[in-house]
Number of protein chains: 2
Amino acid sequence: MPSDPSLGVRGRRPARTSGDDRELAILATAERLLAERPLSAVSVDDLARGAGISRPTFYFYFASKDAVLLSLLDRVVAEADAAMTQAEAVTSGASGRPPEVAREAWRRAISAYHDTFRDHRGLTLAWAEARSTNHEVRELWAGVFEGWVQRSAAAIEAERARGAAPPGVPARDLAVALNSMNERVLYATFSGDGPAVAESDVVGVLLGIWLSAIYGSAPAG
Amino acid sequence: MPSDPSLGVRGRRPARTSGDDRELAILATAERLLAERPLSAVSVDDLARGAGISRPTFYFYFASKDAVLLSLLDRVVAEADAAMTQAEAVTSGASGRPPEVAREAWRRAISAYHDTFRDHRGLTLAWAEARSTNHEVRELWAGVFEGWVQRSAAAIEAERARGAAPPGVPARDLAVALNSMNERVLYATFSGDGPAVAESDVVGVLLGIWLSAIYGSAPAG
DNA sequence: CCGTTTCTCAACACCGTGTTGACTCGTTCG
DNA sequence: CGAACGAGTCAACACGGTGTTGAGAAACGG
């Protein structure tokens, strides 16, 4: 069995200039162009020319402009997930001093989210734009978001079980609202237009609200 | 001076079928169509035919599809502002018992916001869609949002000055984050896709977070 | 060297937007 | 009355973007 190590995932052999290279060139062009202008101002033709091919050839590699975006999003989401998992791991083995350790764990998680999307600002903005018109983008994001909601909800419930946090509204509802807040606030911060929190303060502000919503008690009414 | 009472704001006289009627027909058609499908699935032709005119004639009344949206948005925003002002007025004359009265004031404000946009669900969704591509929509919303942020921030500062709320992060930052949360959470609730809080619980969940962020104290760290 | 697979693109079909220029039809004023 | 005006109307056009077709070249693999 003479298996060729240069065979790609799709079993394609390198031609004059490899097809996989072209695919990567399209992705790279997309990320480059989206860093400087909105998705609606980037046409399929722009992506094709940026990758040194014609528009029909673009369709050999991707079904549409949105498919390119989806592909890029997959990567960034994986990155964010990894960063968040790592943030969790760092503070997981400690059940000693509740306040400082717990606070640090939440801070790291929010920071991981913030850093990842800040590093792909253009993509983040493009994703928000595509979400309103593209079903697949919407579903991908819904899945990712649901994952984060479940993590946060589980963490909140764990704190309540330990007696570190008081009972209150369902943990899941709290998690949905807080994660939604992060999403919108960070988006506003990165997009630059409209009222927003300064980038240097945003993690601190969000953290404060998470902590008081989870640990602080609202006045009885 | 024979002033004709049928003269409109723009001093136009009614022709065969009045131009103002057509303008209203376009607006009504837009709101009707947006209640059943997204903005991207409503063309200028749809609006024109819905109002009983041809596409070029549409452009006699509005510069674009977005201009129609902007016009509708103006109305809804005025409605929301009025509802919120009224909510404020109801509880303004009371400086007696802090906790219950304050809680009720915040609840009414959030509820007003919620009710207004729920009553124009299709429009709310269309606005979010247009915001990503249209500069004017973005600016209109930024202005409205800024107004709400200033109100909330002022109210938070008032509570802090009274000693009812502890100091913390700048009131404006808190206001931006909490208003952003409301926007995103309510949007998710109305849009129906992706993780969301049940509509019957959403005001309560948001209120809880506002109260603990403003009045509750986070653990020192 | 011949067939198959990979890859490429000119030309086309389609749709949505916004514009032009001519035309109707009441109103106004000499 | 009838010319002039302005509001209102639309067929036809120009344009730009998307996605498809069909006819190839270029590189293996047998």
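Reckoned from all heavy atoms, side chains included, excluding hydrogens, waters and symmetry mates. Protein chains get the first letters and strands the later ones, always in sequence-line order, with residue 1 at the start of each.
- Across the protein-nucleic acid pair, F58(B) atom CZ and dT19(C) atom P stand 12 Å apart, rounded to whole Å.
- Put simply, OH on Y61(A) is 20 Å from C1' on dT18(D), counting in whole angstrom units.
- Note on ring orientation: taking the six-membered ring where Trp is involved, the planes of W141(A) and W127(A) are tilted (angle from 30° to 60°).
- A donor-acceptor contact under 3.5 Å is formed by the side chain of R55(A) with the base of dG19(D).
- Aromatic ring pairs are classed by plane angle as parallel below 30°, tilted from 30° to 60° and perpendicular above 60°; the pair W210(A) and W106(A) is tilted.
- As rounded to whole Å, 12 Å separates atom C1' of dG16(D) from atom CG of D46(A).
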Residues 68-79 of chain A side chain polar contacts: donor-acceptor under 3.5 Å, at least two apart:
| from | atom 1 | to | atom 2 | distance (Å) |
| --- | --- | --- | --- | --- |
| E79(A) | OE1 | H120(A) | NE2 | 3.3 |
| E79(A) | OE2 | H120(A) | NE2 | 3.2 |

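- Atom-to-atom, NZ of K65(B) to C1' of dT17(C) comes out at 10 Å; the value is rounded to the nearest Å.
- Side-chain proximity of P56(A) to dC10(D), dT18(D), dC9(C): nearest is dC9(C).
- Rounded to whole angstrom, the span from the CG atom of L39(A) across to the C1' atom of dT18(D) amounts to 14 Å.
- Taking atom CG on D45(B) and atom P on dT17(C), their separation rounds to 8 Å, with Å as the unit.
- The phosphate of dC10(D) has OP1 or OP2 within less than 4.0 Å of a side-chain N or O from T57(B).
- Residue S54(B) is in base contact, counting any heavy-atom pair closer than 4.0 Å across all strands shown.
- Atom P of nucleotide dA22(C) and atom CZ of F60(B) are separated by 18 Å, given to the nearest angstrom.
- In this entry the distance linking CG of D21(B) with C1' of dG8(D) reads 13 Å, nearest Å.
- Between R37(B) and D46(B) there is a side-chain heavy-atom pair separated by less than 4.5 Å.
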